[in-house]
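A quick note: this is a predicted structure, and the numbers were derived from the prediction, not measured. Quick note on labels: first sequence line is chain A, next is B, and so on, each numbered from 1.
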2 protein chains.
Amino acid sequence: MTSTEHVEGHPRKIDPDALFERLDDYMTRKGLRSTSQRRVIAETFFDSPKHVTIDELLAAVREREPRIGYATVYRTLKLFAECGIAAERNFGDGQTRYELSEEATDHHHDHLICNQCGRIIEFHDDRIEKLQEQVAKELGFDISSHKHEIYGDCNRTECVAEGRRKAPRR
Amino acid sequence: MTSTEHVEGHPRKIDPDALFERLDDYMTRKGLRSTSQRRVIAETFFDSPKHVTIDELLAAVREREPRIGYATVYRTLKLFAECGIAAERNFGDGQTRYELSEEATDHHHDHLICNQCGRIIEFHDDRIEKLQEQVAKELGFDISSHKHEIYGDCNRTECVAEGRRKAPRR
DNA sequence: GTATGTGCAAATGTTTTGCACGTAC
DNA sequence: GTACGTGCAAAACATTTGCACATAC
């Protein structure tokens, strides 16, 4: 067993019920309403591959409910982020992406992004986490979140073959 | 001596001549031209506090040359980034910021950003750098760059007093 | 002289907002 | 019934682009 773990960027087995509950609690607390749109968007989001863009999510949502609008998806994902079940990510390609938050998955991770094929791999290293806490402490900071992204070439044969198709803007 | 260092986000003593030379070399190599606008923008950028936005830079540039346009500053900073003297940064407030690149300053660093006052502190920790190389290596990645940003509250009395004025969107 | 650069305004792409209508509570 | 939510289109924002004119080489 090492202190580093990693995983490909795809949906992890989570318990949707717990997430719905968390969302409902938040909405009740804030006097917000449970609507069919919010339910559909939540279901779709929980089923989505990680790091979805609003466009991708909207397309998936519209397969179930074609009349749902752009703005609703934007607003709903902001809500999910506020309530703590979703996290906003920005990998420099100009589109905000969303994934389940670390509280929701009980699993903090950072990202390795391939410049060539755009593949996103998650990693987690306790030693790095500890050191970063130490750095912040020395400077008197209370950490609320962090972002650690490593960009590079993943060197898979498929990737080298594929070339630059999906590479994020760098 | 420890393996962590840090510094406030303000201009470090650099040698502008070396940077101009680097820029000139790049332009010559690429068949690009040395214009008065590019010179003024370069001078202003070298004198700027770190992490300037295009707006801030444009304002400073126009104090010297009021007729310089937005697009020119955008295009010129892209050029600086390509040539390796500037680095693009994005701290989640929707505006791209530029700072001298690590090659230009001979000093790689990462960032601690205060959620309350927006203050940006640079840090560098060799142990984290090493661990991150190790993680990438295990996954077969060749690192080209990385981004490590820690967000939190800096807890200075001034900051607590100032409140949320300049806080980046989070 | 010609290719490259500039300034302006218009276009682009993403995200946000105003508003009339709809709906949860 | 009322406050909140939705869909649409328009606005807002940062950034990029097209084009006529200017300028470095």
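- Nucleotide dA14(D) holds its C1' atom 13 Å from the CG atom of N90(A), rounded to whole Å.
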Could you list the donor-acceptor pairs under 3.5 angstrom formed between side-chain atoms of residues 16-32 of chain B and any protein atom two or more places apart in sequence or on another chain?
| residue | atom | partner | partner atom | Å |
| --- | --- | --- | --- | --- |
| Y26(B) | OH | E82(B) | OE1 | 2.9 |
| T28(B) | OG1 | D24(B) | O | 2.8 |

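- Side-chain proximity of T35(B) to the nucleotides dA24(D), dT15(D), dT17(C) is greatest for dA24(D).
- Atom pair R62(A):CZ and dC8(D):C1' shows a separation of 11 Å (rounding to whole Å applied).
- Contact annotation for R38(B): backbone-only contact, meaning every heavy-atom pair under 4.0 Å involves sugar-phosphate atoms and none involves a base.
- Distance NZ (K78(A)) to C1' (dT6(D)): 18 Å, rounded to an integer number of Å.
- One atom, OH of Y70(B), and another, C1' of dC13(D), lie 10 Å apart when rounded to the nearest Å.
- Between the CZ atom of R33(A) and the P atom of dG1(D) there is a distance of 14 Å, rounded to whole Å.
- Side chain to side chain, E122(B) and H108(B) fail the donor-acceptor criterion of an N or O pair below 3.5 Å.
- Between Q37(A) and dG7(D) there is a side-chain polar atom (N or O) within less than 4.0 angstrom of OP1 or OP2.
- In this structure, CD of Q95(A) is placed 13 Å from C1' of dT12(C), rounded to the nearest angstrom.
- Axis angle across the helix from dG1(C)-dC25(D) to dC25(C)-dG1(D), with five pairs used at each end and values rounded to 10°: 30°.
- Atom pair L77(A):CG and dT16(C):P shows a separation of 11 Å (rounding to whole Å applied).
- When heavy atoms are screened at a 4.0 angstrom cut-off, R75(A) is found touching base atoms of the nucleic acid.
- The residue S36(B) sits apart from the nucleic acid: no heavy atom pair falls under 4.0 Å.
- The 5' end of DNA chain C is approached more closely, in terms of each residue's nearest nucleotide, by G31(B) than by the other of R39(A) and G31(B).
- Classification of the H148(B)-H146(A) ring pair by plane angle, with boundaries at 30° and 60°, yields tilted.
- At the phosphate of dG5(D), neither OP1 nor OP2 sits under 4.0 Å from any side-chain N or O atom of T72(A).
- Going from atom OH of Y74(A) over to atom P of dA12(D) covers 18 Å, rounded to whole Å.
- The aromatic rings of Y70(B) and Y74(B) lie parallel to each other, their planes meeting at an angle below 30°, with 60° marking the opposite boundary.
- Judged purely by distance below 3.5 Å, without hydrogens or angles, the side chains of H107(B) and E102(B) never pair a donor atom with an acceptor atom.
- Between the side chains of D142(B) and N155(A), at least one donor N or O lies within less than 3.5 Å of an accepting N or O.
- Ring orientation note: the planes of H51(A) and F91(A) are nearly perpendicular, at an angle over 60° on the 30°/60° scale.
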